[in-house]
Amino acid sequence: MIILVINAGSSSVKFTLFDMKDDKKVLATGLIERIGIEGTSMKYSNWKGEKSQGSVDVKNPKEAVKVISERLVDTKYGVIGALSEIKAVGHRIVHGGEKVNRPVRVTEEVKGILKDCFSMSPLHNPHNLAGIEACEGVLKGVPNVGVFDTAFHSTMPPRTFLYGIPYELYTKDQIRRYGFHGTSHAYVSRAAARFDGRPIEDLRIVSAHLGNGASITAVKGGKSYDTSMGLTPLEGVIMGTRSGDIDPAVIFHIMKIKGLSYQEVDNLLNKQSGVLGLAGIGSSDLRDIEEAANKGNKQCAQALDIYAYRIRKYIGAYLVALGGLDILVFTAGAGENSNTLRAAILEGLDGLGFKLDRARNDVRSSDIRVISTDDSPYKIMVVPTNEELAIAEFTSEVLAS
Ligand code: ADP
């Protein structure tokens, strides 16, 4: 079964075409970026190793999906004979609010839910919807499935999702913690359990998704119990450019002493903070900050220390929240690739049950692997995430049901 996965953002549309019957093979993948601005271009590669890159005339998501579709059946770079071979399109959608608790077939009602969440996810949901409508227009009759970042966290109980603010703000305005990166947390926790050979229903897993955005999730018996992101992705650990947890009074104080508007503070906390703001070298990429720290930049070393410490605190909190732990999972860009970050997070915790095997931790690999010692009470694993594949798998599950 051929499934197309679409991730439509503010100025880009990413796509991957899978053949789910042929070992979930990636037939083709790529993206169109700078849509609606100057210099729109497309990158494309297929399973035969053929690649293309160049400018395209694309002004909106519908034109993007049209160009992508044409490329997939193109005589030179194409990988399928006809678009009718695509059995469904799986869409990455950020916010589904409280009404979506699993991947769902997109109907008018689902689109309405997506629109209702525009105010909570202004940077993503409108573009996700545009991606769906583009596919409806171009790939007529092909079912669309929505895979929501928030859905995996719908199992969180009130004790973890409610804020300590007037209850009416929840009942009337749906202000609560939702959590994000759910597709990744679901995928890596399932993969970790499978790799470990134990049923996920019996396991307590903490999964640390450490990319540009970062979140930690406590997974109990395969279900999200608590997660570090909240109403928006700003809450939780320190991230590439986001502050993570902060005393809310800092906001009012900054507004007062700097005369900033709320949009300016929003921008400051989402785009200029995190390790970018702490390290002060104009980069949010941990590789740059690690390199500068290794060359003696003390501010960068301090930024890395703070970043690791905040993650460590969440792992500790979730170990207690779960009443123990079976597997700690590291995933996403930094979680999968930075041995120094993983070592820093777990430094000195051998006695508490996190026995990191230095040699295993230092191996560079794109495979799922255990990095704890054989006698470590808690298993520590690196599990490469694959959100596109997860979306394709969820999409085929929805079709099958
Ligand atoms: P996104 O959240 O945008 O999907 P990724 O999961 O791809 O991002 O993570 C990208 C980030 O991962 C980079 O900005 C960088 O901070 C970090 N990263 C990637 N590779 C390494 C590495 N080898 N060492 C340290 N950090 C890395």
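Both counts, for ligands and for their atoms, begin at 1 and track the order of listing. Values below: every heavy atom of this structure, side chains too, minus hydrogens, waters and symmetry copies. Keep in mind the model is a prediction, meaning the values are calculated, not measured.
Scanning the protein heavy atoms around atom 6 (O) of ligand 1, the nearest turns out to be Gly333 N, 2.9 Å. The shortest contact between atom 24 (N) of ligand 1 and any protein heavy atom is with Arg287 CG, 3.5 Å. Residue, atom and distance of the protein heavy atom nearest to atom 17 (C) of ligand 1 are Ala334 N, 3.6 Å. Nearest protein heavy-atom contact of atom 23 (N) of ligand 1 is Asn337 CB, 3.3 Å. Closest to atom 16 (O) of ligand 1 among all protein heavy atoms lies Leu286 N, 2.9 Å. The shortest contact between atom 15 (C) of ligand 1 and any protein heavy atom is with Asp285 OD1, 3.3 Å.
Considering only heavy atoms from C-beta on, Glu388 stays 4.5 Å or farther from Val26 through its side chain.
The Gly213 neighbourhood of ligand 1 comprises atoms 2 (O), with distances under 4.0 Å to a heavy atom of that residue. Each of the following atoms of ligand 1 lies closer than 4.0 Å to a heavy atom of Ser338: 24 (N), 25 (C).
Ring centers of Phe180 and His153: at least 6.0 Å apart, outside the cut-off.
Residues Ser224 and Thr155 approach most closely at O-OG1, 2.7 Å, considering heavy atoms. Residue Ala64 comes nearest to Val13 through the heavy atom pair CB-CG2, 4.0 Å, listed as atom of the first residue, atom of the second, then distance.
Taking only non-hydrogen atoms, the option from Asn212, Leu210, Thr385 nearest to atom 10 (C) of ligand 1 is Asn212.
Arg360 places a side-chain N or O within 3.5 Å of a backbone atom of Ser372 that can act as its donor or acceptor partner.
With a 6.0 Å radius and a threshold of 12 heavy atoms from other residues, nucleotides or ligands, Lys220 has its NZ atom above the threshold.
Tyr318 and Tyr314 have perpendicular rings, their planes meeting at more than 60° on a 0 to 90° scale where under 30° would count as parallel.
The protein does not reach atom 4 (O) of ligand 1 closely, with no heavy atom under 4.0 angstrom from it.
Checked by distance only, ligand 1 and Ala332 stay at 3.5 Å or farther apart across all their nitrogen or oxygen atoms.
Stacking of Arg176 on the aromatic ring of Phe161 is recorded, both the 6.0 Å distance cut-off and the 45° axial limit being met.
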